[in-house]
Protein chains: 2
Amino acid sequence: MKRMPTPDHLLLDQQLCFALYAASRSITGLYRPLLEPMGLTYPQYLVMLVLWEQDDVTVRELGQRLQLDSGTLTPLLKRLQAAGLVSRQRRSDDERVVEIRLTPAGLALREQANDIPACLAQRLELSLDQMQRLRDELKQLTRHTQTPTIED
Amino acid sequence: MKRMPTPDHLLLDQQLCFALYAASRSITGLYRPLLEPMGLTYPQYLVMLVLWEQDDVTVRELGQRLQLDSGTLTPLLKRLQAAGLVSRQRRSDDERVVEIRLTPAGLALREQANDIPACLAQRLELSLDQMQRLRDELKQLTRHTQTPTIED
DNA sequence: CAAAATTAAATTGTGTACAATTAAAGTTTT
DNA sequence: AAAACTTTAATTGTACACAATTTAATTTTG
């Protein structure tokens with residue numbers, strides 16, 4: 001019985017998904033040393049980005065923005081709360097909803113984060129143009145991924 | 001005291017890293033229903049891709065190929081072993097090294113995996129050209145990420 | 001208005017990621 | 001050859017991800 005060689009389309013190096021997976025983890029790795037002095041992990045940083053942009057959001061809104069569910073966000077937000085960066089409070093007129101707000105320390109942290117994007121852009125040695133194009137292609141891919149092909 | 005608006009470069013939508021992170025998880029989500037019938041998670045599928053390409057690799061080689069360390073791989077490989085898809089055996093002439101080999105069931109699974117790439121490509125509605133270009137850009141980004149700027 | 005359905009978070013359980021440490025095996029140095 | 005160093009996995013501990021279930025609150029329906 002002859003052993004067939006792997007067909008091309010199953011080669012690891014052919015996979016767009018692996019390129020994405022590897023690139024994503026690799027870039028996250030570049031953030032780590034920049035975020036560590038701020039006491040943030042990368043997903044926590046993303047939550048802070050949302051809050052710096054719009055303070056006082058619900059867990060649900062955060063989840064929609066970051067594409068994460070409460071199973072991920074609830075413990076993450078508890079850690080940010082424990083770190084004194086956010087407050088978590090149930091909305092008085094709808095007790096189901098939890099509102100997340102920046103504390104003064106959380107707002108102040110934005111100053112420390114200010115240099116991070118430039119620092120990373122420089123590290124990547126990509127032109128602003130290249131970065132924007134790649135970013136927009138990825139956003140389109142994500143959008144397309146989440147648009148069901150057939151809706152009923 | 002006036003509250004400054006978030007500078008552009010800290011806006012979530014500006015971040016290449018978030019676009020990557022979101023796209024990666026989003027694509028992985030497309031794989032999930034295809035891999036679930038095979039009893040594989042996405043990282044496990046990546047390990048199988050490597051093994052289908054080259055059977056009998058060490059944990060170290062797997063780690064280099066997938067950019068994962070033994071902390072991730074050891075438990076993952078134990079699960080693949082428990083599923084009867086791979087064997088783990090220390091090399092007799094160097095007991096530090098653990099060799100991973102496909103079982104007949106592991107090799108046979110390749111047939112089931114055969115349609116996955118095409119299935120995904122179709123779902124993404126990207127031309128082969130577009131996919132290749134994006135993939136190669138991401139590979140370059142990863143390569144650059146891992147090349148230290150200054151070496152000593 | 002009470003029962004049924006819906007919504008929002010939290011919880012539970014499994015499986016990665018990854019830093020840091022440990023343990024064991026092998027290699028190099030003195 | 002013994003000590004020092006290096007290499008390879010495994011282990012430990014923390015923090016995501018995400019499916020599935022649960023809980024509590026609100027809304028819709030009969």
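Quick caveat: nothing in here was measured; it's all calculated off a predicted structure. Below, chain A is the first sequence line, B the second, and so on; all start at residue 1.
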Given atom [atom1] of [X] and atom [atom2] of [N], what is their separation to the nearest angstrom?
| X | N | atom1 | atom2 | answer |
| --- | --- | --- | --- | --- |
| A/Arg25 | C/dA19 | CZ | P | 11 Å |
| B/Leu80 | C/dT14 | CG | C1' | 15 Å |
| B/Leu62 | C/dA17 | CG | P | 14 Å |
| A/Gln89 | C/dA8 | CD | P | 19 Å |
| B/Gln67 | C/dA17 | CD | C1' | 13 Å |
| A/Glu95 | C/dT6 | CD | C1' | 18 Å |

Exercise. Does C/dT16 have OP1 or OP2 sitting under 4.0 Å from an N or O in the side chain of B/Gln44?
Worked result: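 Indeed, a polar side-chain atom of B/Gln44 lies that close.
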Problem set entry | Distance below 4.0 Å between A/Arg32 side-chain N/O and C/dA19 OP1 or OP2 |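 It does, given that an N or O in the side chain of A/Arg32 lies less than 4.0 Å from OP1 or OP2 of C/dA19.
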So what does [X] hit on the nucleic acid, given a heavy-atom distance under 4.0 Å: a base, only sugar-phosphate, or nothing?
| X | result |
| --- | --- |
| B/Thr41 | sugar-phosphate |
| A/Thr58 | sugar-phosphate |
| B/Arg88 | sugar-phosphate |
| B/Asp94 | sugar-phosphate |

Exercise. With no hydrogens and no angle check, is any side-chain donor or acceptor of B/Asp8 less than 3.5 Å from a backbone partner on B/Leu11?
Worked result: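 No, the answer is negative, given that no donor and acceptor are paired below the 3.5 Å cut-off.
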Problem set entry | A/Arg101 side chain to A/Val86 backbone, donor-acceptor under 3.5 Å |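 Between the backbone of A/Val86 and the side chain of A/Arg101 there is no qualifying donor-acceptor contact (under 3.5 Å).
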For the side chain of [X], starting at C-beta, report the closest nucleotide among [options].
| X | options | value |
| --- | --- | --- |
| A/Thr74 | C/dA8, C/dA10, C/dG26 | C/dA10 |
| B/Arg79 | C/dG15, C/dT11, C/dA25 | C/dG15 |
| B/Leu68 | C/dA10, C/dA25, C/dA17 | C/dA17 |

For this session: For A/Leu73 and for A/Glu36, find the nucleotide of DNA chain C with the closest heavy atom, then tell me which residue's nucleotide is more 5'.
Result: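 Nearer the 5' end of the strand: A/Leu73.
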Exercise. On DNA chain C, nearest-nucleotide positions of B/Ser70 versus B/Leu76: which is more 5'?
Worked result: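 Its nucleotide being nearer the 5' end, the pick is B/Leu76.
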Problem set entry | Given DNA chain D, 5'-ward residue of the pair A/Asp93 and B/Leu77, judged by closest heavy atom |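 Nearer the 5' end of the strand: B/Leu77.
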Problem set entry | 5′-ward residue of the pair A/Tyr42/B/Asp69 relative to DNA chain D |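 On the 5' side of the pair lies B/Asp69.
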Problem set entry | chain A footprint on DNA chain D, 5' to 3' - any atom under 4.0 Å from a heavy atom |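 Range of nucleotides within reach of chain A: D/dA15 to D/dT26.
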Exercise. Closest approach of B/Gly84 and B/Thr103, non-hydrogen atoms and distance?
Worked result: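 Heavy atoms only, the tightest pair is O-OG1, 2.6 Å.
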Exercise. If you take all heavy atoms of A/Ala23 and B/Leu20, which pair is closest and at what distance?
Worked result: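 Scanning both residues, the minimum pair turns out to be CB-CD2, 3.9 Å.
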Problem set entry | B/Arg143 with B/Asp136: basic N within carboxylate O range, under 4.0 Å |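 Salt bridge: no.
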Exercise. Could A/Arg91 and A/Glu99 be called an ion pair, given the rule that one side-chain N must be under 4.0 Å from one carboxylate O?
Worked result: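 Judged by the 4.0 Å cut-off on N to carboxylate O distance, A/Arg91 and A/Glu99 do form a salt bridge.
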For this session: Evaluate the ring planes of A/Tyr42 and A/Tyr31, with Trp represented by its six-membered ring, and classify them as parallel (under 30°), tilted (30 to 60°) or perpendicular (over 60°).
Result: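 Tilted, since the angle between the ring planes falls between 30° and 60°.
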Problem set entry | Residue that, paired with A/Leu12, satisfies side-chain contact (heavy atoms from CB on, under 4.5 Å) out of B/Arg65, B/Gln54, B/Met48 |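 Only one of B/Arg65, B/Gln54, B/Met48 forms a side-chain contact (heavy atoms from CB on, under 4.5 Å) with A/Leu12, namely B/Arg65.
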